[in-house]
Each structure stands twice: as C-alpha cells, then as structure tokens.
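Working notes, structure below.
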Amino acid sequence: MEYVLSAFWAALELIALHFFWNAFLEINRSMKIYCITFSVAWVLSLLFLNIGIPDIYEQALSFTMFIALALICYRGSFVRKILFVVLFFALVAIVDTTIVYGISAVLGISLAELVWRKVTYAVAVSVGKLIIIFLAWILCRFRKVRAHEPIRQKLLLLIVLFPTVSLGMLAVVFHSNREMGDLSIGSVCFSIMLAFANIATIYLFDLMEKNASETKKLALLNQQMDIQTNSILSLEKNYRAQRKATHEHRNQIQTIHDLLLSGKYDAAKSYVQQLQGMQTTRIFTINSHHPIIDAIMNQKYQLAQEWDIDVCVTVNDLSGVSVPTDSLVVLLSNLLDNAIEACMHLPQNRIIQCSILYTDSLYISVRNTSFPVEIKDNFIPTTKEPKEDHGYGLPHIDFILNQLHAEYVLSYEDGWFEFATEIPRNSA
C-alpha cells in the first residue's frame, strides 16, 4: 500500500509541476518526448522515495532531477529555470508542511502519531498534493507565457534568493520541531506567511515580465519611428536627386535637339557618347507592384552599395500582400539591416540574397555571408553590452511574426546565414 501511495503522490506532484512550469516556461520538445521525460522522472521519484536514504538526500536528488527536467523540456535561461524549480519546491514544501502541521495541531497529536494513523495521514498528504495541482492549474489557465522577455539576470538571481531562503527556514523549523515534538499552530502560521511571501515573489516576477514586455513594445515603436524617419530622409534624398537628374536630362535633350537642328550630327553623336560614358551610376529598380516593399528594398540596396555589398533580389507580383504596413516595414528593415551589418564585418565576399514571393502565402528568405554565429533556441544572443539594451532586432521580428501567426527558422552553414519565414495569406 505504501508503494501505491508513493506512486500516486509522485504522479500528483509531477502533474502540479507540469501546470506550474507551463505558466512560466515554454516547452521546447515534442509532446511524445515530453511525456516520456516526465514518465522517467516519475520512476526516478519512486526510486528516491523507496531506496531508504535520509530525507535530506532524497530531497537533494529530487531537486537535481527537477533541474534536469527543466533543462531538457523547457526553453529559457538557466537562471529562469532555476527560479521556477526553487519556487515549485518551496511551494510544495510549504503546502505539505501547512497541511500536515495543521491537521496535527487540530487533532492535538504529534507528527509521529499522525503518521501512524495511516488513513488520516494519506488523506492529508493527498489533499495537499491536490491543492498544489489546483493552484498550479489556476496559474497555467490564466497566465500567458512570456518566455523571451529580456529580464535582467541579476534581478532574476535576487528573486531566486527568497524561495531558497524559504526552503532553508522550513527545513530548520520542521526538523527542530519534529525533534522537540512541538507541532503548535505557530508552525502553521509561519508556513502560511512564507506561502504568501512566495506568492508575492511570483507576482513580482509577473510584474517584471510585464514591464519587460512594455519596454520591448516601446523599443519597437521607437525603432518604427527611426525606420520611418530614415525612410522619409531617403525618399527626400531620392526626390532631390530625381529632380536634379530631370533638370539635367531636359538640358541634355535640348542640347541634342539644337545640335541636330543645326545639322551638327557628328557633334550630337559625340555628345551622346559622352553622356553614355558619364552614366556610371547603377539604378536599382524592383517592380513588385507593392510600393512599400519596393521603397524598402531600394533604400537598403543603396545602403548595401555604399559598403560594397552585392545584393541579389528575387520577387514576383506582391500586389496582393495584405500584411500591415508598419509590420512589413519593421520586418523587412530589420532583416536587411541585420544582413548588411553581418556583411560589413567581412573583409570580402559580401553577398546578400533576398527572395520575397507571394502565392498562397508570403515567403521571405534573406541569406547573407557571415562570420559564424551562435543560434540558441531559434535566437541569436546579442554580443553587445549592455545586453539588456541591445539585441532587439530579432525579438522584434519574433514579436511581429507571432502576431501574424507565422513560423520562422534560422540556420548557419558554410559561411552563410539564412532567415526564412512563411506568413499565411489571412494573417492580417
């Protein structure tokens, strides 16, 4: 019977763990691998409970197993995962202690006597596990995961301290009281206060994530303003250049006209050849039938030319693209800016290949030569300092594509970095 109860409690605890972590962390495995991993964790939990080692070693092994489970099955930084391993451990310990101590205090018996009342003890522990599952389910049901919010690691480390201290204080109180046989209501009150404090820690983390999310959105708006400002300046520059070219063209046509009228055909021929020799500027024109895309590609092409970067663009008829203008501007500008910046660091072989094709969906691919890059969880960690103030380009792309219900992939192979995404036709 004890083995059955141990298996039941271990299963309940892992179910609660599933709900709790899914409220804060994003799964990075297939459901099949995820279920197999949790099944292995359940078997290991049973092993730890029944091999007859002291409680402190059993808890240490369980804690290590939870860390491994978080590292294998979930995305996010190591500190973030440690935080929710410790928080879950603390909340489980607090609820178990509160229930067991509370029932002991109500019945006026010691912990040893409660354990000997097997039915009462089994019901008490089971109720505690079910309460944990319910609380974790509430969190998972009503909280949206924000797995990539750039919270400072130092702040996360500070948050980890409190649940860690809670575990230490609970261990001291539990073991000292058990040795003295003192299971007064004071121990229950102490556990409840720790529970509220840890709930406050979760709430604080949630506020920090929301603040980080708002900061990201503000940075995105600022970037949109910068991109639009640069686009306006580029359009103004092109407009002035076009006016100047138009004025010069009229003068040149008039000169050729006068030479032909006066019968100076050789001089007119020589003048035309001279004009052809002066025409060294390469004009870049994309006729995708989408003015926004054409304007962005023209602007970025001119920027790439200034850095001696070869650009090859493939497009078809994009007139039917319904992606919102602001999203399209930020998406393409970030992708091309990243490609240009990567090529700028190369001493030679600077090439960008861009494909924008529209059929049943909008397909965008940007390939560029680059130094080796590290791709982690479909992101490229920024190398600029301070890290919290940089690296917004790809997160902004991720933010926009999530809004458009689009998937994307990053890859690096043989000196080429590639970003590819497919945006559904009805994404707008």
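Basis for what follows: all heavy atoms, side chains included, without hydrogens, waters or symmetry-related copies.
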Next item on the list: Could you go through the side-chain contact (heavy atoms from CB on, under 4.5 Å) check for Ile364 and Leu332 one step at a time?
Entry: CA-CA 9 Å; Ile364 300 175; Leu332 291 178; 4.1 Å; yes
Let me have the donor-acceptor pairs involving side chains of residues 120-129, under 3.5 Å, with sequence neighbours excluded, atom names and distances please.
unit_1 : atom_1 : unit_2 : atom_2 : d
Ser126 : OG     : Trp9   : NE1    : 3.0
Ser126 : OG     : Ala122 : O      : 2.7
Lys129 : NZ     : Glu13  : OE1    : 2.6
Lys129 : NZ     : Asp96  : OD2    : 3.1

Is there a side-chain contact between [X] and [Y] in this structure, where contact means two heavy atoms from C-beta onward sitting under 4.5 Å apart?
X	Y	value
Asn368	Ile309	no
Leu91	Ile132	no
Thr97	Leu194	no
Ser322	Leu362	no
Leu69	Trp21	yes
Val313	Met297	yes
Phe205	Glu209	yes
Trp42	Leu46	yes

Indicate yes or no for a side-chain donor-acceptor contact from [X] to the backbone of [Y] under 3.5 Å, with no hydrogens or angles considered.
X	Y	result
Asn334	Val330	yes
Asn211	Leu207	no
Arg143	Ala23	yes
Asn402	Asp398	yes

Would you give the length of the straight line joining atom [atom1] of [X] to atom [atom2] of [Y], rounded to the nearest 0.5 angstrom?
X	Y	atom1	atom2	answer
Ile159	Thr201	CD1	OG1	7.5 Å
Leu47	Glu58	CG	CD	10.5 Å
Ser333	Asp337	OG	CG	6.0 Å
Glu306	Ile340	CD	CD1	9.5 Å
Leu14	Met65	CG	CE	6.0 Å
Thr37	Ile72	OG1	CD1	6.0 Å

Margin query: Taking side chain to side chain donor-acceptor pair (under 3.5 Å) as the criterion, tell me which of His289, His290, Arg425 meets it with Tyr358.
Written below: Arg425
Can you name the closest pair of heavy atoms from [X] and [Y] and give their distance?
X	Y	result
Arg117	Leu107	NH1-CD1, 4.0 Å
Pro163	Ala90	O-CB, 3.9 Å
Leu335	Val366	CB-CG2, 4.1 Å
Ile133	Ala16	CG1-CB, 3.7 Å
Ala10	Ser45	CB-CB, 4.0 Å
Ile296	Val329	CD1-CA, 3.6 Å

Checklist line | salt bridge (Lys or Arg N to Asp or Glu O under 4.0 Å) contacts in which one or both residues fall within residues 353-365, not counting sequence neighbours | finding: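 Those involving residues 353-365 do not exist here.
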Check: Are Asp317 and Ser319 linked by a side-chain donor-acceptor pair shorter than 3.5 Å?
Finding: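 Yes, Ser319 and Asp317 have a side-chain donor paired with an acceptor closer than 3.5 Å.
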Margin query: Given His18, which partner from the list Phe66, Tyr34, Phe24, Trp137 fulfils the ring-ring contact (aromatic ring centres under 6.0 Å, His included) test?
Written below: Tyr34
Only distances under 3.5 Å count here; give the side-chain donor-acceptor pairs of residues 349-357 to other protein atoms, sequence neighbours excluded, each with its distance to 0.1 Å.
unit_1 : atom_1 : unit_2 : atom_2 : d
Arg350 : NE     : Cys343 : O      : 3.2
Arg350 : NE     : Leu346 : O      : 2.7
Arg350 : NH1    : Trp307 : O      : 2.7
Arg350 : NH2    : Met344 : O      : 3.2
Arg350 : NH2    : Leu346 : O      : 2.8
Gln353 : OE1    : Arg367 : NH1    : 2.7

Item checked: Verdict with reasoning, Phe63 to Val86, per side-chain contact (heavy atoms from CB on, under 4.5 Å) -> CA-CA 8 Å; Phe63 184 80; Val86 175; 3.8 Å; yes
Notebook entry, point to check: Counting heavy atoms not belonging to Trp116, are there more than 12 under 6.0 Å from its CH2?
Noted result: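 Check fails, neighbour count at 12 or below.
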Next item on the list: Let me see the working for Thr421 and Ile397 under side-chain contact (heavy atoms from CB on, under 4.5 Å), right down to the final yes or no.
Entry: CA-CA 10 Å; Thr421 183; Ile397 294 172; over 6 Å; no
Check: With ring centroids as reference points, do Phe84 and Tyr74 lie under 6.0 angstrom apart?
Finding: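 When the ring centroids of Phe84 and Tyr74 are compared, they turn out to be at least 6.0 Å apart.
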Next item on the list: Check the pair Leu87, Phe20 against side-chain contact (heavy atoms from CB on, under 4.5 Å), reporting the backbone distance first and the verdict last.
Entry: CA-CA 10 Å; Leu87 267 174; Phe20 185 79; 4.0 Å; yes
